[in-house]
Structure formats: structure tokens, C-alpha cells
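Structure, as C-alpha cells:
So you know, we letter chains A, B, ... as the sequences are listed, proteins then strands, and number each from 1. None of these values were measured; they are calculated from a predicted model.
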Number of protein chains: 2
Amino acid sequence: MTAPRAHRAAPDHTHPDHVPLLAALSALADPVRLGLVRELAGSADWERTCGSFDVPVGKAALSHHFATLRAAGLVEQRDAGPRRLNRLRRAEFDARFPGLLDLVLRPDPDPGLEPEA
Amino acid sequence: MTAPRAHRAAPDHTHPDHVPLLAALSALADPVRLGLVRELAGSADWERTCGSFDVPVGKAALSHHFATLRAAGLVEQRDAGPRRLNRLRRAEFDARFPGLLDLVLRPDPDPGLEPEA
DNA sequence: CTTGCTGTTCAATGAAAAGCGAACACCGAT
DNA sequence: ATCGGTGTTCGCTTTTCATTGAACAGCAAG
């Protein structure tokens, strides 16, 4: 009781182990969320707030995307005062879907090269 | 010219090398297409016709799904008389997105286990 | 307590995609 | 030429999902 507990409602997380493959794929099959994951992977744990990401959407949409990422077991969030800190669940997610994160974080070899002239 | 050429319009394929990651993920992030890929993986090349798959959709939707799979570099199709034979582009797709097909074809360890009581 | 910042929720819109039935096109066989 | 089987294309409906603006809630500081 003496510990400083958060009065804010804790976000509901889903552990990667309980995430269906389809949910994982769906979560990653979106340009905004893909950007979030990649950007998050470039930072240390708990170093990024939700608003610190460079995405072309408003706060509302952003909040929804983070909820999706939590439900897919990709992101863990912790409250720190008014802001919410994020962490990529690298090891856990990779244990559940080996190689998937590696694939997503690997630089795209040839996204849209023209076939031929 | 003496060779028996197909008068039918050949389906337009996209080589996996030219497929963006997002397109690959989107193609696989669908229950029907996921089923098609898995079922196709269980058969030898050019052994399955489009209509031979056990999916809960009509022909029209099925045709659309196959078009998506072709565009994602997952499936190659060849005309054989009135029917269209399919092949999973295992090696090529795996070279472009290492591990992704393995992941999809791996039996799901724990899709929907209840968290706790 | 009031202000300011962060993030979530609500209600609604718009766009994308999946679905179907019907019509059409192609091939092989009769 | 006609027919049966296979698959595609054409509208059209329905559903799903991303997005927004505004309202709301929590926390920190003044």
C-alpha cells in the first residue's frame, strides 16, 4: 500500500504465447503499425512515449494502433506519470513466432523495384 | 508456333523478389488465404486445381483470393486444359522472406488458449 | 484549484476489402 | 455445334477497419 501505485487503468496486454498467428500477421500488415514497431525496435526499452513516434496519424488513431499492438503481443506499456512508456516484446514475441520480428526489422531488400522496361 | 500454346490469358504473376513486405503480410493475414497456402503446402506442385480446396467461400471469392496470392508471390498458376493448376512458390518466397512460410506452415502452438479462469 | 500535457474513449465518416449471384469465356468431349 | 465443367469478370451488398474531431480522465506543476 505504501508503494506508489498508478490510479490509472492499466492497459490490458496479451502475452505473445496466447496470440493467434492470424492476429500477429494482421497487426503487422499495416503501414502505421509496421512503422511503430520498427521505430520502437530502434530504441531501448521504456524510452519511448506514445506521442514520440513519427507517424502520419492523429492521437486517436495512434491510441487504437497501440491497442492493436498490445493485443498482438508485440508491445508492452507502462504508465509513468502522465505519459505511457513502450517496450517491444522482442524475446517473447520471437519465441512465439520465430523469425517474424527479424523479418519485419530487416531492411527491405527490394520493395518496389520495377520488373523491367 | 507448332508448340501447343494456350489461347487463354495467362495469369499475371509477381515474383516474390518484387513483393513488398507489407503485401506479403497482408496476403497472409486472411483466414481463407492462410488455409489455401497451408493446404497447398501439403500437396506436390501442380497437383491441385483451384476448385479442389476446402474453403468456405464461393468461386468468385476464391478466384479473387488466388489473384491476391499470385500478386504476393506466394502461388504460381499454370493452365492445363479447362483447369488451372497451382504451385506454392516455396523456395522463391522463402528466399525473399526467410522464415515466413515456415512460420505459416508450422502448426500453431497455442492459438486460442484461455488466459486463466 | 486551475492550467497544461498525454493519452483514451465516443460517435461518425470514408475507404478498402470480402462476399455473392449471374453472366461470360475457355477448354475438352460428345 | 453443343454441352458440361472450370475459372474469371462484373455489378452489388455487407462488413471491416483506419481515421478524425471532440469530449473526457489522469497526472504534474504552478
> For the hydrophobic clusters of this structure (ILVMFWY residues joined by side-chain heavy atoms under 4.5 Å, transitively), does one cluster hold both A:Val104 and A:Val55?
Replying inline: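 Yes; tracing contacts between hydrophobic side chains, which count when under 4.5 Å, links both residues.
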
> Do B:Leu85 and B:Phe66 belong together in a cluster built from hydrophobic side chains that touch within less than 4.5 Å?
Replying inline: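 Shared cluster, no.
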
>> I'd like to know whether A:Arg38 forms a side chain to side chain contact (heavy atoms under 4.5 Å, CB included) with A:Leu105, so could you lay out the CA-CA distance, the side-chain angles of the two residues, the decisive distance to 0.1 Å, and finally the verdict.
In response: CA-CA 6 Å; A:Arg38 282 169 164 163; A:Leu105 300 180; 4.1 Å; yes

>> Can you measure A:Arg48 atom CZ to C:dG7 atom P for me and round it to whole angstrom units?
In response: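 Taking CZ of A:Arg48 and P of C:dG7, I get 11 Å after rounding.
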
> C:dG7 P sits how many Å from A:Arg78 CZ, rounded?
Replying inline: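 Roughly 14 Å, once rounded to whole Å.
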
>> Just to be sure I understand the geometry, which residues of residues 24-46 of chain A put a non-hydrogen atom under 4.0 Å away from DNA chain C?
In response: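 Close to the strand, none.
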
> Yes or no on side chain to side chain contact (heavy atoms under 4.5 Å, CB included) for B:Glu47 and B:Arg87, after CA distance, side-chain angles and deciding distance?
Replying inline: CA-CA 8 Å; B:Glu47 269 198 356; B:Arg87 172 182 93 84; over 6 Å; no

> Reading nucleotides 3-8 of chain D from the 5' end, what letters show protein touch, with B for base, S for backbone sugar-phosphate only, - for no heavy atom under 4.0 Å?
Replying inline: --BSBB

> Pick the nucleotide of DNA chain D nearest each of A:His65 and A:Ala80; which residue has the one closer to the 5' end?
Replying inline: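 Final value for this comparison: A:His65.
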
> Can you name the residues that form a side-chain hydrogen bond (donor to acceptor under 3.5 Å, both in side chains) with B:Ser43, not counting sequence neighbours?
Replying inline: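 Expected list: B:Arg48.
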
> If you measure only the distance, is there a donor-acceptor pair under 3.5 Å linking the side chains of B:His13 and B:Arg70?
Replying inline: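 The criterion, which ignores hydrogens and geometry beyond distance, is not satisfied for B:Arg70 and B:His13.
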
> Just by modelled atom types, is the B:Ala60 backbone N or O under 3.5 Å from a matching donor or acceptor in the B:Ser63 side chain?
Replying inline: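 Between the backbone of B:Ala60 and the side chain of B:Ser63 there is no qualifying donor-acceptor contact (under 3.5 Å).
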
> Would you say A:Trp46 and A:Asn86 make side-chain contact, with heavy atoms under 4.5 Å?
Replying inline: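 When only atoms from C-beta onward are counted, A:Asn86 and A:Trp46 do not touch, as no gap falls below 4.5 Å.
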
